[in-house]
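Below is one structure, written out as structure tokens; comments come after it.
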Amino acid sequence: MRFLAALFGRRARLRWLHLIIGGALLMPYFLVGTVLVGMAGAGEPVFSSLPAQFVAFGLALPMAAVTGFFALVRPLSVATARALCGVPPALLADGPARTRQARVRTAGWYTLHLALGGIISGATLALPPFAVAVIALPFFAGLRETWLLDGPEALREPWALALAPFAGLAMLLALALAAAVAGEVLARRAPVLLGPTPEDRLAAAERRAADLAVRNRLARELHDSVGHALSAVTLQAGAARRVLDRDPEFVREALTAIEETTRRTVGELDSVLGLLRQGGEPDEEGTAHGPGLDALGGLLAHCGVPVAYEREGDPEDPGVVDPVVAREAYRIVQEGLSNALRHGGSDAASPVRLLIAVRERERERELMIVMENPLGERPAVARPGGGRGLRGIAERAVLLGGRAEAGPYDGVWRLTARLPLTAAEATGTADRAEGRR
């Protein structure tokens with residue numbers, strides 16, 4: 001039963017179809033080969049000569065091999081091998097063949113596929129009608145007179161006619177066995193000839209790293225914008241609830257702050273979702289989406305904690321600070337405020353101190369962010385269960401070629417970040433840091 005399933009089961013039928021496709025792909029090359037053989041044979045008919053057909057077949061294979069060097073042959077071959085040969089997708093490469101090694105392998109696969117497909121296709125067209133005729137010999141006298149008229153005398157014997165049906169069935173079984181063997185050969189060779197090369201594996205790893213970077217970037221955006229808004233809204237709503245009966249004016253201000261915070265956060269969330277829809281890429285001008293330092297006023301006014309803001313060197317001017325750097329600086333300030341809200345224990349008597357300055361350090365201009373808030377019961381550290389604010393701040397700074405650090409300092413919690421002013425300076429700084437490592 002297993003033997004019959006191997007010959008006529010679903011996988012065997014799909015592999016047979018795969019071979020038939022290979023035979024169909026071979027036909028143009030074979031026809032060109034027959035033309036060449038006909039020209040060399042002074043007009044002798046090729047299709048009536050079996051040796052001439054084999055010569056045409058031999059001429060067709062090198063032409064098919066040349067076609068296999070085209071880059072797009074590999075994705076087409078991989079698609080058919082995955083669908084019809086039963087090869088696990090992970091064992092086959094994705095994308096066109098771009099290296100010499102990959103193209104040589106693809107050409108070998110393409111030639112093997114067309115060669116085996118041509119043989120099985122030819123046998124499939126010729127052998128079944130002959131086998132059926134052999135099976136029918138004992139039952140049709142007219143067929144015997146036509147077929148055996150010039151044949152050997154032994155074929156007219158009763159025992160030969162009795163064995164004719166079994167001989168015909170054996171031919172069909174042999175064809176099925178040959179197709180199954182050819183399909184198995186292709187299935188075993190596919191991972192070798194169509195599998196990923198070292199360059200393909202490197203490219204796949206780079207794509208996965210890029211996808212992971214985009215996902216991490218989106219996660220940071222959502223954490224910083226939505227997380228800050230929820231912290232501010234929670235604090236303001238809790239304070240309003242406590243004084244609801246005795247200080248309506250404060251409640252009104254808290255509700256106004258909640259409204260402004262949620263409205264601003266919805267806009268930021270739209271920007272993040274826009275990044276997600278566009279695959280995390282920059283816009284057409286190469287700038288990042290999201291608010292920059294020029295939007296700090298709205299953030300500080302409704303952040304839910306008093307802030308003493310100082311600035312030096314006009315950091316909010318887009319002509320001074322690159323928009324990409326300004327955007328990341330905004331997120332760093334936002335996350336610092338979120339930490340102050342969650343852990344700082346700030347009040348009106350001891351507000352958060354924020355300094356943003358454009359300064360020159362080691363003959364290079366940089367953007368410096370310093371935020372200090374009183375220490376509460378817990379310092380602003382990553383929370384068990386997913387708080388990743390400080391880690392996100394460090395990642396943002398490092399990706400720009402800067403650095404960030406946070407910790408207790410002289411009775412307060414201090415967050416310090418130093419960023420290059422422009423994207424070009426950020427790239428250069430990051431390259432030099434990589435060289436030092």
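Positions are given from 1 along the sequence.
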Y409 and T416 side chains, donor-acceptor separation under 3.5 Å: no

Spacing of L194 atom CG and L91 atom CG [to the nearest 0.5 Å]: 11.0 Å

Validation row: L173, L7 side chains within 4.5 angstrom (heavy atoms): yes

L169 CG to I135 CD1 distance, which is reported to the nearest 0.5 Å: 4.0 Å

Audit row: L59, V32, side chain to side chain contact (heavy atoms under 4.5 Å, CB included) steps and yes/no: CA-CA 8 Å; L59 293 175; V32 173; over 6 Å; no

Passing candidate, side chain to side chain donor-acceptor pair (under 3.5 Å) with E184, options R189, R11, R15: R15

Gap between atom CG of L19 and atom CD1 of I119 - 0.5 Å precision: 10.0 Å

Whether R365 side chain and R359 backbone form a donor-acceptor pair below 3.5 Å: no

Test item: side-chain donor near acceptor, E199 and T197, under 3.5 Å: yes

Side chain to side chain contact (heavy atoms under 4.5 Å, CB included) assessment of E372 paired with W413: CA-CA 5 Å; E372 296 178 350; W413 182 267; over 6 Å; no

Closest non-hydrogen atom pair, A52 against V37: CB-CG1, 4.0 Å

Spacing of L400 atom CG and E395 atom CD [to the nearest 0.5 Å]: 12.0 Å

T124 and W16, any side-chain heavy atoms less than 4.5 Å apart: yes

Minimum side-chain heavy-atom gap R414-V370 below 4.5 Å: yes

Nearest heavy atoms of L367 and A329, plus distance in Å: CD2-CB, 3.7 Å

L337 side chain near L300 side chain, heavy-atom distance below 4.5 Å: yes

Ionic contact status for R396 with E335, cut-off 4.0 Å: no

Student check: side-chain heavy atoms of C85 and L14 closer than 4.5 Å: no

Side chain proximity check, T67 to Y29, heavy atoms < 4.5 angstrom: yes

Aromatic ring pairing H113/H18, orientation class (parallel under 30°, perpendicular over 60°, tilted between): parallel

Neighbour count >12 (heavy atoms, 6.0 Å) for atom CZ, F8: yes

Heavy-atom pair with the smallest gap, counting every atom of Y330 and G292: CD1-O, 3.2 Å

Side chains of V333 and I356 in contact at under 4.5 Å (non-hydrogen atoms): yes

Straight-line distance of I393 CD1 to R403 CZ, nearest 0.5 Å: 14.5 Å

Distance-minimising heavy-atom pair for P96 and L72: CG-CD2, 4.1 Å

Separation of L61 CG from Y110 OH (nearest 0.5 Å): 11.0 Å

Nearest heavy atoms of G33 and A56, plus distance in Å: C-CB, 3.7 Å

Beyond-backbone contact of M368 with P315, side-chain heavy atoms, under 4.5 angstrom: no

With D94, the salt bridge (Lys or Arg N to Asp or Glu O under 4.0 Å) member among R82, R201, R74: R82

Under 3.5 Å donor-acceptor, T34 side chain and L31 backbone: yes

Residue pair G68 / T106: nearest heavy atoms and the distance that separates them: O-CG2, 3.7 Å

